[in-house]
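Contents: one structure, followed by commentary.
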Number of protein chains: 2
Amino acid sequence: MKRNTWQREAVREALDAREGFVSAQGLHAGLRDAGSPIGLATVYRALADLAVEGEADSLQSPEGESLYRACSTGHHHHLICRNCGLTIEIEADAVERWAQQVASRNGFTQAQHVVDVFGLCDACSLREAPGTT
Amino acid sequence: MKRNTWQREAVREALDAREGFVSAQGLHAGLRDAGSPIGLATVYRALADLAVEGEADSLQSPEGESLYRACSTGHHHHLICRNCGLTIEIEADAVERWAQQVASRNGFTQAQHVVDVFGLCDACSLREAPGTT
DNA sequence: AGCGAGTTTGACAATCATTATCAATAAGGA
DNA sequence: TCCTTATTGATAATGATTGTCAAACTCGCT
Ligand SMILES: [Zn+2]
Ligand SMILES: [Zn+2]
Ligand SMILES: [Zn+2]
Ligand SMILES: [Zn+2]
């Protein structure tokens, strides 16, 4: 049976408190800094569980790290600033349909998909673009 | 200046010979099995270069490995069988436009996107589904 | 063909995120 | 409260990827 521990709750809360995506390492560091004695392995486990249960979204950063984020509800995708990490959830039925179509049209079943858009947010764009340096 | 070595050529050819995506480790193993004395680090470097030069596509497997594949030309996405690795290149202007739109509509610039569909191919679907096992 | 500066290679060490261990702890039903 | 057993966490192990650096090689030049 699944038990309730303060650790799992702590991870859930820490995740909720974040704006964008965080790595397990990052979240653990944050918790430790906040005084929690929670262990690293536990954070990994808790995040993996949350992701399975649908309470968290997960994706791979370009560097290969697994990133997590508290997930509102339902299936959606993300628009992520690769400079400051700002994340915006986006829904796009059109893309969902397209993915299904592409899959079945090619004889594929049990289709899943990875759809994420990375870029520079409004604010960060200004700092990168101006100087034609 | 960039020099031509048999190693780089070997990697390019080995990659062309593959059907789906391969990991650097996998490609290296294959080359070694074929009798080549090429080093692992070199394969990593060659693949990274090919990816930058646009001669290879790269993506992260769900397990976090970097996978590479000889890339025909131009920007496109993939439909990948998560059982046998069969890969189909797909183009979808609609998705490209959508990604751009989502980005700019939210003030993002320099948008890139990750769009891949995973599923079970025709053949693999049969072996997984039948027995309600 | 022979030379030499500058690249590239490759064996091996170093990183680094993630997973496995496993004894100690604590959750929750009886 | 007591017992069973899931969970925790310090630490070791794993495994992919990158860094190191001397030796080998490329290629323009003579
Ligand atoms: Zn930003
Ligand atoms: Zn979707
Ligand atoms: Zn491709
Ligand atoms: Zn298949």
Side-chain angles (χ1 to χ4, degrees), chain A residues 1-15 18 20-53 55-69 80 82 85 114 116, chain B residues 1-15 18 20-53 55-69 80 82 85 114 116:
Chain A
M1 170 219 311
K2 177 133 296 185
R3 294 176 181 175
N4 296 324
T5 63
W6 62 264
Q7 286 95 333
R8 238 191 278 276
E9 195 53 38
V11 170
R12 206 193 316 263
E13 283 176 17
L15 198 59
R18 296 266 182 165
F21 280 86
V22 220
S23 64
Q25 302 271 356
L27 200 65
H28 177 247
L31 283 163
R32 276 300 177 79
D33 288 346
S36 172
I38 193 172
L40 176 58
T42 303
V43 174
Y44 270 99
R45 286 186 287 241
L47 286 175
D49 284 350
L50 288 175
V52 169
E53 294 161 22
E55 287 199 65
D57 248 337
S58 73
L59 61 79
Q60 305 251 349
S61 77
E63 295 76 41
E65 263 187 324
S66 286
L67 303 182
Y68 298 85
R69 182 185 186 211
I80 308 160
R82 61 167 164 276
V114 177
D116 288 299
Chain B
M1 169 216 313
K2 179 136 291 185
R3 295 175 178 176
N4 296 323
T5 62
W6 64 264
Q7 286 95 332
R8 238 191 274 277
E9 193 53 37
V11 169
R12 207 193 316 264
E13 283 176 16
L15 197 60
R18 296 267 182 163
F21 280 85
V22 220
S23 64
Q25 303 271 356
L27 200 65
H28 177 247
L31 282 163
R32 275 301 176 76
D33 288 346
S36 171
I38 193 171
L40 175 58
T42 303
V43 173
Y44 269 98
R45 285 187 288 241
L47 286 175
D49 284 350
L50 288 176
V52 169
E53 294 162 22
E55 288 199 66
D57 247 337
S58 73
L59 62 80
Q60 306 251 349
S61 76
E63 295 77 41
E65 262 188 323
S66 286
L67 303 182
Y68 298 86
R69 181 183 188 213
I80 307 160
R82 62 167 164 276
V114 177
D116 288 299

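Every chain is numbered from 1 and lettered A, B, ... according to where its sequence line falls, protein lines coming before strand lines. Everything numeric here is computed off the predicted structure, so don't read it as measured data.
Listed for the B:His28 side chain is a donor-acceptor partner under 3.5 Å among the backbone atoms of B:Ile38.
Counting to the nearest Å, the P atom of C:dT9 and the CG atom of B:Leu47 are 12 Å from each other. Atom CZ of B:Phe21 and atom P of D:dA16 are 19 Å apart (whole Å). Taking atom CD of A:Gln60 as the reference point, atom C1' of D:dT17 lies 14 Å away to the nearest angstrom. One atom, CD of B:Glu63, and another, P of D:dA16, lie 11 Å apart when rounded to the nearest Å. The distance from atom CD of A:Glu9 to atom P of D:dT7 is 15 Å, rounded to the nearest whole Å. Rounded to whole Å, atom C1' of C:dT9 lies 9 Å from atom CD1 of B:Ile38. Taking atom CZ of residue B:Arg8 and atom C1' of nucleotide C:dT7, one finds them 9 Å apart after rounding to whole Å.
Between B:Ala24 and B:Val43, the shortest heavy-atom distance links the atoms O-CG1, 3.8 Å. Taking all atoms of both residues into account, the shortest heavy-atom contact from A:Gly26 to A:Arg18 is O-NH2, 3.4 Å.
Contact between the side-chain N/O atoms of B:Gln7 and the OP1/OP2 oxygens of D:dC25 is not found at any separation under 4.0 Å.
For the atom pair CG of B:Leu15 and CG of B:Leu27, the computed distance is 6.0 Å after rounding to the nearest 0.5 Å.
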Per-nt protein contacts along nucleotides 17-30 of chain C (heavy atom under 4.0 Å; B base, S backbone sugar-phosphate only, - none) come out as SBB------BBS--
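Partner B:Leu50 forms a side-chain contact (heavy atoms from CB on, under 4.5 Å) with one of B:Glu55, B:Arg8, B:Arg45, B:Arg69 and no other, that one being B:Glu55.
Ion pairing of B:Lys2 with B:Glu53 is present here, as a side-chain N (NZ or NE/NH1/NH2) and a carboxylate O approach within less than 4.0 Å.
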